[in-house]
Amino acid sequence: MLRQVLHRGLRTSFSRLGHFIASHPVFFASAPVLISILLGASFSRYQIEESVEHLLAPKHSLAKIERNLVNSLFPVNRSKHRLYSDLQTPGRYGRVIITSFQQENMLDQHHTDLILKLHSAVTRMQVQRPGFNYTFAHICILNNDKTCIVDDIVHVLEELKTARATNRTNFAITYPITHLKDGREVYNGHQLGGVTVHSKDQVKSAQAVQLTYYLQTLNSLNDMVAERWESNFCDTVKLFQKSNGKIKMYPYTSSTLREDFQKTSRVSERYLITSLVLMVTMAVLCCSMQDCVRSKPWLGLLGLVTVSLATLTAAGIINLTGGKYNSTFLGVPFVMLGHGLYGTFEMLSSWRKTREDQHVKERTAAVYADSMLSFSLTTAMYLVTFGIGASPFTNIEAARIFCCNSCIAIFFNYLYVLSFYGSSLVFTGYIENNYQHSLFCRKVPKPEVLQEKPAWYRFLLTARFSEDTADGEEANTYESHLLVCFLKRYYCDWITNTYVKPFVVLFYLIYISFALMGYLQVREGSDLSNIVATATRTIEFTTAQQKYFSNYSPVIGFYIYESIEYWNTSVQEDVLEYTKGFVRISWFESYLNYLRKLNASTGLPKKNFTDMLRNSFLKAPQFSHFSEDIIFSKKFNNEVDVVASRMFLVAKTMETNREELYDLLETLRRLSVTSKVKFIVFNPSFVFMDRYSSSLGAPLQNSCISALFLLFFSAFLVADSLINVWITLTVASVEFGVIGFMTLWKVELDCISMLCLIYGINHTIDNCAPLLSTFVLGKDFTRTKWVKNALETHGVAILQSYLCYIVGLIPLAAVPSNLTCTLFRCLFLIAFVTFFHCFAILPVILTFLPPSKKKRKEKKNPENREEIECVEMVDMDSTRVVDQITTV
């Protein structure tokens with residue numbers, strides 16, 4: 001009883017709201033436009049988010065805590081040349097991969113000379129500033145001997161060139177550890193790529209060489225110069241490429257990822273304009289019909305205007321509150337279109353069901369009472385699910401601000417549909433009541449006048465007048481609409497046909513099978529190249545990186561952050577055991593080997609062990625660089641102790657993928673908790689991947705939980721709780737299918753696809769809830785009858801919104817960007833799978849599953865028969881004829 005009272009009360013409230021808006025249409029049409037202009041004007045001075053880490057790295061992660069600890073011991077910015085990372089190297093730098101088109105040996109004499117020539121050109125490159133010209137020597141990171149740090153491969157190539165000039169044949173390069181002429185052991189696994197080796201790891205050939213130039217950024221001026229240097233670096237590499245056509249070079253800088261990420265917005269502009277033009281055309285066509293009075297082309301256009309005004313308002317609010325723009329915002333308009341267009345088309349569908357003899361205010365009130373309740377509930381679902389995503393519980397900033405922007409846009413879209421679109425409906429209603437042309441607003445002449453006009457004139461002004469309807473005929477004047485006619489006369493009978501149902505069930509089983517196959521192959525996608533535009537330096541560099549340098553993982557720093565007994569043989573065995581299986585660049589292992597070569601015991605007393613480390617080992621030229629890896633401390637009795645140290649580990653990998661590196665990180669972390677030696681591991685790439693899986697799934701998981709909670713809670717408020725059961729099952733089926741087919745379409749579970757899945761929950765409820773509600777609440781007839789009735793009532797609005805939505809999505813597929821490619825595939829799958837459920841799965845399944853319908857037979861009792869008297873009344877002030885029906 002409470003459900004019916006609440007349902008009736010809400011319908012009455014919306015009816016009064018519609019009557020009020022119809023009484024003041026000018027105000028409700030102009031206020032949203034004015035608000036959008038005032039708030040949207042601020043978006044003309046929007047700011048762009050510069051930090052990719054701020055957007056895409058989890059905000060709260062153990063890796064960031066570890067980075068702070070590492071920075072306090074060994075500043076990352078000074079040691080980034082040793083903590084090699086692919087795309088996440090901190091600070092400013094320039095990097096280039098050099099290879100040849102014919103995959104020649106880059107270590108032969110010709111290519112060695114070219115590489116050294118390029119190195120010389122880069123180091124002599126100048127950045128002009130007022131009063132001074134900066135070169136690499138002025139902004140490079142310095143060694144302890146005040147010389148610029150350059151990659152060790154440069155020294156190797158210089159030694160190789162000298163050996164060839166002096167006809168020295170005993171010079172050999174080993175891989176991945178090689179020796180320089182000063183005796184130092186250096187790691188070259190990320191500097192030589194596509195390596196072929198002889199016996200004893202001697203390099204026979206290398207298909208690629210990678211050079212990196214690290215810059216320091218001590219202050220804002222230094223950072224500005226370094227940014228200009230990076231730009232000149234790319235230009236220099238490009239010019240060098242032109243002058244040496246046989247080699248191929250892939251430059252990359254610290255700014256490249258950010259620039260290529262934002263490039264998506266620029267390359268999408270003309271495609272979005274095309275999408276808008278196509279949607280306007282389709283919306284106008286969907287709302288048009290041959291009857292020029294009852295056709296509503298302006299409402300199709302104004303529906304898109306309503307969504308655009310809401311999106312502009314949300315963008316203005318985000319900008320005024322200090323938010324910054326990023327390329328993920330490209331998905332917000334499509335979220336708005338999916339929700340807003342259906343709401344507007346549902347109102348138009350409700351308008352077609354009202355009686356034409358009613359006043360416009362009464363018709364508007366009936367439209368609001370019929371359509372606004374379901375639209376309000378689905379809007380509330382959008383606000384709850386995206387609101388949870390916009391909360392501080394979301395650990396990825398890009399997802400949080402996307403959900404925040406979507407929430408604001410959906411809220412204003414709801415207000416604007418109530419006000420702006422509702423008042424537009426009122427204006428077109430007056431045009432219809434006055435028998436004016438729906439497009440040109442000109443009075444339509446009567447049929448006898450039209451007979452004297454040319455054929456094209458009669459075609460443009462074809463309209464059906466009320467007096468054309470025969471006495472007693474209750475034909476709906478809107479049935480001439482193409483989509484209405486298609487659903488009512490053809491599709492509803494076809495989909496509920498007994499011979500069609502088995503094929504639909506078979507298709508659903510095939511759908512579930514393929515979805516399960518894809519679901520079992522879901523992969524987490526944290527690769528940063530998936531968010532940038534294609535045909536960019538990031539994509540080219542990443543492709544070359546994976547092709548030539550995927551044999552080894554990024555360099556992992558192994559930091560012992562407390563004083564341990566390094567001189568104790570058992571501790572030595574523990575440390576060596578922890579790092580077993582890695583390629584090691586370690587002062588500790590080198591020092592133990594040094595002691596063995598001196599025929600000294602590695603288990604020396606503490607004082608002897610420390611003194612020999614400081615005064616003998618670190619003084620040797622070949623080991624002096626290890627002094628940066630050890631922190632000594634003097635105690636009160638002048639006793640020296642090693643309080644912290646670091647080593648560098650590299651894992652042998654089959655290919656560079658995030659899952660393998662993440663598993664390695666988790667294994668080392670578990671080891672650090674249980675081991676006797678307290679250590680942490682760190683690489684700059686860990687900041688992006690640490691807790692990425694849990695951070696990625698949290699918004700989707702929270703949104704699903706909130707949606708289920710809201711469906712459960714609303715079960716006590718809606719007219720029948722079985723509606724919510726069906727909605728929950730439908731959402732689960734759609735989401736399961738989207739995830740499965742998304743994986744089969746080579747879309748990984750990343751930030752963009754996760755946001756689309758949140759939208760998919762709401763999109764399914766948006767389109768399926770009205771169908772299910774109409775079916776479940778129907779009484780007295782068969783299931784098949786109510787399935788047809790549900791499709792006839794809501795199917796046209798669903799079909800119109802899908803046609804406009806799909807037409808708008810198609811240009812998105814042509815945008816040369818990985819981000820928009822992921823966006824298109826996910827949104828298209830959501831639209832297609834939901835459409836499949838609305839027009840095939842649900843209409844068939846509902847015909848043989850609960851709730852049951854009892855067909856009531858009318859009792860033929862002569863005492864209860866009714867006599868109908870029909871009196872024809874003619875309104876002299878208009879051309880309208882009204883049938884007044886009186887029960888006697």
Side-chain angles (χ1 to χ4, degrees), residues 36 39-59 87-93 217 220-221 223-231 233-234 252-273 275 308 311-336 389-390 394 396-409 527-539 541 687-688 750-752 755 812 815-823:
S36 300
L39 292 176
S42 67
F43 195 65
S44 61
R45 297 187 299 272
Y46 68 91
Q47 294 179 317
I48 297 177
E49 180 59 62
E50 299 286 343
S51 174
V52 177
E53 178 184 326
H54 174 71
L55 283 175
L56 300 174
K59 290 187 294 184
L87 302 181
Q88 301 88 14
T89 303
R92 297 283 184 182
Y93 62 93
T217 52
S220 58
L221 175 62
D223 185 70
M224 185 186 303
V225 173
E227 185 177 11
R228 290 281 304 276
W229 188 93
E230 288 180 346
S231 178
F233 171 77
C234 292
Y252 185 85
T253 67
S254 65
S255 307
T256 302
L257 181 62
R258 170 178 55 83
E259 292 170 356
D260 293 345
F261 176 54
Q262 299 300 343
K263 187 179 179 181
T264 298
S265 302
R266 297 192 298 273
V267 300
S268 301
E269 290 176 356
R270 61 190 182 96
Y271 297 97
L272 292 177
I273 294 173
S275 176
S308 302
T311 307
L312 183 62
T313 303
I317 292 175
I318 291 291
N319 192 50
L320 288 173
T321 53
K324 295 183 179 180
Y325 175 83
N326 66 82
S327 292
T328 60
F329 282 9
L330 289 173
V332 175
F334 293 96
V335 172
M336 295 295 303
T394 301
I396 298 179
E397 186 67 13
R400 192 191 68 80
I401 59 178
F402 180 94
C403 292
C404 181
N405 196 355
S406 299
C407 264
I408 297 172
D527 189 355
L528 294 178
S529 62
N530 289 337
I531 62 167
V532 301
T534 56
T536 55
R537 287 200 296 264
T538 300
I539 297 297
F541 180 84
V687 174
F688 285 84
D750 58 8
C751 178
I752 304 301
L755 292 172
L812 203 64
V815 179
S817 169
N818 289 335
L819 188 150
T820 53
C821 179
T822 300
L823 196 64

**OP:** State the CG-CD1 distance between L257 and I531, to the nearest 0.5 angstrom.
**Re:** 5.5 Å

Original post:
How long is the gap from OG on S255 to CG on D260, to the nearest 0.5 Å?
Top reply: 10.5 Å

Original post:
Nearest heavy-atom pair of L56 and A398: which atoms, and what distance?
Top reply: CD2-CB, 4.0 Å

Subject >> Pairwise side-chain contact, I401 with L55, heavy-atom cut-off 4.5 Å (strictly under) >> reply: yes

Original post:
What distance separates M336 CE from T311 OG1, expressed to the nearest 0.5 Å?
Top reply: 4.5 Å

**OP:** To the nearest 0.5 Å, tell me how far L755 CG sits from I752 CD1.
**Re:** 6.0 Å

**OP:** Output the distance between atom CG (L819) and atom NZ (K263), rounded to the nearest 0.5 Å.
**Re:** 14.0 Å

**OP:** Taking all non-hydrogen atoms of both residues into account, name the closest pair between C234 and T253 and its distance.
**Re:** SG-CG2, 3.7 Å

**OP:** Inspect the contact between E50 and K324 and indicate whether a charged nitrogen and a carboxylate oxygen are less than 4.0 angstrom apart.
**Re:** no

Original post:
Can you find a heavy atom in the side chain of N326 that is under 4.5 Å from one in the side chain of F402?
Top reply: no

Original post:
Do E230 and S254 have side-chain N/O donor and acceptor atoms under 3.5 Å apart?
Top reply: yes

Subject >> Nearest non-hydrogen partners of L330 and S268, listed with the distance >> reply: CD1-OG, 3.8 Å

Original post:
Using 30° and 60° as the class limits, which term best fits the ring planes of Y325 and F329: parallel, tilted or perpendicular?
Top reply: perpendicular

Original post:
Got R92 and D223 here, is their nearest side-chain heavy-atom distance under 4.5 Å?
Top reply: yes

Subject >> T534 vs N818 side-chain heavy atoms within contact, under 4.5 Å >> reply: yes

Original post:
With no hydrogens and no angle check, do the side chains of S265 and S327 hold a donor and an acceptor under 3.5 Å apart?
Top reply: yes

Original post:
How far apart are the closest heavy atoms of C404 and I318, and which atoms are they?
Top reply: SG-CD1, 4.2 Å

**OP:** Please state whether the rings of Y93 and Y252 are parallel, tilted or perpendicular, taking 30° and 60° as the class boundaries.
**Re:** tilted

Subject >> Gap separating the OG atom of S817 from the CZ atom of F261, nearest 0.5 angstrom >> reply: 9.0 Å

**OP:** Would you confirm whether S231, through its side chain, and R228, through its main-chain N or O, come within 3.5 Å as a donor-acceptor pair?
**Re:** no

**OP:** Evaluate the side-chain proximity of L812 to L272: yes if any heavy-atom separation is below 4.5 Å, no if none is.
**Re:** yes

Original post:
What heavy-atom pair brings T394 and A390 nearest, and what distance separates the two atoms?
Top reply: OG1-N, 4.4 Å

Subject >> Test item: side-chain donor near acceptor, T820 and Y271, under 3.5 Å >> reply: no

Original post:
Can any side-chain N or O of E397 pair as donor or acceptor with the backbone N or O of E53 at less than 3.5 Å?
Top reply: no

Subject >> Any K59 side-chain heavy atom under 4.5 Å of I396 side chain >> reply: no

Original post:
What is the minimum heavy-atom distance between S36 and T313, and which atoms define it?
Top reply: OG-OG1, 2.9 Å

Original post:
Is V815 close to L823 at the side-chain level, that is, under 4.5 Å between some pair of heavy atoms?
Top reply: no

Subject >> Validation row: T256, F541 side chains within 4.5 angstrom (heavy atoms) >> reply: no

